**Q** 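I'd like to ask some things about the structure below.
Only heavy atoms go into these numbers, but all of them, side chains included; no hydrogens, no water, no symmetry mates. Please read these numbers as outputs of a predicted model, since none were measured by experiment.
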Amino acid sequence: QVQLVESGGGLVQPGGSLTLSCAASGYMLDRIVVGWFRQAPGKERVGVSCINRYDDNTYYADAVKGRFTIIRDNAKNTVYLQMNSLKPEDTAIYYCATDLYWSAATCPKKVAEYEYWGQGTRVTVSS
């Protein structure tokens with residue numbers, strides 16, 4: 001079993017930065033895919049970014065490209081989502097997720113493609 005715990009959310013002003021953490025226990029993240037998703041109030045959960053096994057493929061949704069960066073720290077068994085130039089439309093609950101058996105060349109981008117999820121961390125971008 002894999003347990004994922006997100007942290008780092010909070011209230012930030014537009015243009016500010018936050019770094020979210022996804023810490024894992026029960027499995028080593030360095031050999032499996034990790035995705036970040038977000039769910040705004042009243043909307044469906046959507047993919048934000050993902051990183052494939054061995055870090056040979058990453059994905060960013062168009063809405064965050066150039067502003068967000070996914071980073072894996074194997075020593076801490078943690079994957080980070082560094083978020084810069086935050087906008088009010090980035091307000092959402094952010095979730096990390098993983099799947100132990102994904103082996104395709106590109107990392108998965110859909111909710112249904114992930115098996116394990118964290119509880120989420122809330123990000124609010126507001127002045």
Side-chain angles (χ1 to χ4, degrees):
Q1 289 289 335
V2 181
Q3 288 81 44
L4 301 175
V5 178
E6 302 96 334
S7 61
L11 173 64
V12 63
Q13 292 186 341
S17 298
L18 280 176
T19 298
L20 306 183
S21 300
C22 174
S25 59
Y27 209 89
M28 297 303 295
L29 285 182
D30 63 341
R31 301 182 186 277
I32 53 178
V33 298
V34 176
W36 281 98
F37 289 76
R38 67 186 183 186
Q39 188 165 16
K43 297 188 176 181
E44 64 180 17
R45 193 172 299 187
V46 296
V48 173
S49 179
C50 61
I51 187 166
N52 216 1
R53 298 169 67 183
Y54 312 122
D55 299 350
D56 58 353
N57 175 259
T58 57
Y59 159 81
Y60 297 96
D62 288 343
V64 307
K65 201 171 294 183
R67 300 188 297 121
F68 290 12
T69 304
I70 189 167
I71 302 167
R72 193 197 301 265
D73 186 334
N74 293 334
K76 296 183 178 181
N77 208 29
T78 299
V79 173
Y80 301 96
L81 185 68
Q82 187 174 65
M83 307 187 297
N84 298 321
S85 302
L86 284 163
K87 305 175 181 180
E89 51 263 43
D90 295 318
T91 295
I93 299 175
Y94 284 72
Y95 300 88
C96 66
T98 189
D99 185 89
L100 301 184
Y101 303 107
W102 186 268
S103 60
T106 56
C107 58
K109 304 170 185 61
K110 299 178 181 179
V111 170
E113 293 169 330
Y114 289 85
E115 182 176 5
Y116 298 98
W117 292 81
Q119 83 291 344
T121 185
R122 185 179 300 274
V123 173
T124 303
V125 184
S126 174
S127 55

**Q** Any idea which heavy atoms bring G47 and A61 closest together, and the distance?
**A**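 The answer is O-CB, 3.6 Å.
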
**Q** Between Y60 (side chain only) and R67 (backbone N and O only), is there a donor and an acceptor less than 3.5 Å apart?
**A** no

**Q** Going by the side chain to side chain contact (heavy atoms under 4.5 Å, CB included) test, name the single residue among I93, L81, V64, V123 that passes it with R38.
**A** V64

**Q** Between the main-chain N or O of L29 and the side-chain N or O of N77, is there a donor-acceptor pair closer than 3.5 Å?
**A** yes

**Q** Is the number of heavy atoms from other residues, nucleotides or ligands under 6.0 Å of K65 NZ greater than 12?
**A**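 Yes, enclosed.
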
**Q** Hey, what do you get for CG (L20) to CE (M83), rounding to the nearest 0.5 Å?
**A** 3.5 Å

**Q** K109 side chain to C107 main-chain N or O, any donor-acceptor pair under 3.5 Å?
**A** yes

**Q** Would you check if S103 and R53 make a side-chain contact, meaning some heavy-atom pair closer than 4.5 Å?
**A**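 The answer is yes, as the side chains (C-beta and beyond) meet within the 4.5 Å cut-off.
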
**Q** Is the backbone N or O of V33 less than 3.5 Å from a side-chain atom of T98, with the two atoms forming a donor-acceptor pair by type?
**A**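 Yes.
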
**Q** Give a yes or no answer on whether the side chain of N52 reaches the backbone of A104 with a donor-acceptor pair at less than 3.5 Å.
**A** yes

**Q** For N84 and S17, what are the C-alpha separation, side-chain angles and deciding distance, and is it a side-chain contact (heavy atoms from CB on, under 4.5 Å)?
**A** CA-CA 4 Å; N84 298 321; S17 298; 2.9 Å; yes

**Q** Apply side-chain contact (heavy atoms from CB on, under 4.5 Å) to the pair W117 and R45, showing each step before the final yes or no.
**A** CA-CA 12 Å; W117 292 81; R45 193 172 299 187; 3.3 Å; yes

**Q** Could you tell me if the side chain of E113 sits less than 4.5 Å from the side chain of D99, heavy atoms only?
**A**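 Not touching, per the 4.5 Å side-chain cut-off.
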
**Q** F37 and Y114: aromatic ring centres closer than 6.0 Å?
**A** yes

**Q** Are any of the side-chain heavy atoms of R72 and V34 separated by less than 4.5 Å?
**A**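 Sidechains of V34 and R72: in contact.
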
**Q** Hydrophobic cluster membership, with links at side-chain heavy-atom distances under 4.5 Å among I/L/V/M/F/W/Y: are L86 and I70 in one?
**A** yes

**Q** So, S85 side chain and G15 main chain: donor-acceptor pair closer than 3.5 Å or not?
**A**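 Not confirmed, S85 side chain does not pair with G15 backbone.
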
**Q** Kindly compute the distance separating OH (Y116) from CD (Q3), expressed to the nearest 0.5 Å.
**A**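 Reported value, rounded in 0.5 Å steps: 9.0 Å.
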
**Q** Is the CD atom of E89 crowded by more than 12 outside heavy atoms at less than 6.0 Å?
**A** yes

**Q** Can you find a pair of side-chain heavy atoms, one from C22 and one from L4, that are under 4.5 Å apart?
**A** yes

**Q** Membership question, hydrophobic clusters at under 4.5 Å side-chain separation (ILVMFWY): are V48 and V12 in the same one?
**A**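 Same cluster: V12 reaches V48 through Ile, Leu, Val, Met, Phe, Trp or Tyr contacts under 4.5 Å.
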
**Q** Are M28 and I32 connected into the same hydrophobic cluster when the rule is that any two of I, L, V, M, F, W, Y join if their side-chain heavy atoms are below 4.5 Å apart?
**A**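 Hydrophobic grouping puts I32 apart from M28.
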
**Q** Nearest 0.5 angstrom please: T58 OG1 to F68 CZ, how far?
**A**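 The CZ atom of F68 is 14.5 Å from OG1 of T58, to the nearest 0.5 Å.
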
**Q** Tell me if a side-chain donor or acceptor on Q119 pairs with a main-chain N or O of E6 at a distance below 3.5 Å.
**A** yes

**Q** Grab the two heavy atoms, one from V79 and one from W36, that are nearest each other, plus how far apart they are.
**A** O-CZ2, 3.7 Å

**Q** Establish whether V111 and Y95 are linked, either directly or via other cluster members, by ILVMFWY side-chain heavy-atom contacts under 4.5 Å.
**A**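 They do share one cluster, since a chain of ILVMFWY contacts under 4.5 Å joins V111 to Y95.
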
**Q** Evaluate the side-chain proximity of S126 to L11: yes if any heavy-atom separation is below 4.5 Å, no if none is.
**A**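 L11 reaches S126 side chain to side chain.
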
**Q** Does any part of the side chain of Y80, heavy atoms only, come nearer than 4.5 Å to the side chain of D73, both counted from C-beta?
**A**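 SC-SC contact between D73 and Y80 confirmed.
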
**Q** Taking the side chain as every heavy atom from C-beta outward, state whether V125 and P14 have any atom pair closer than 4.5 Å.
**A**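 They are in side-chain contact.
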
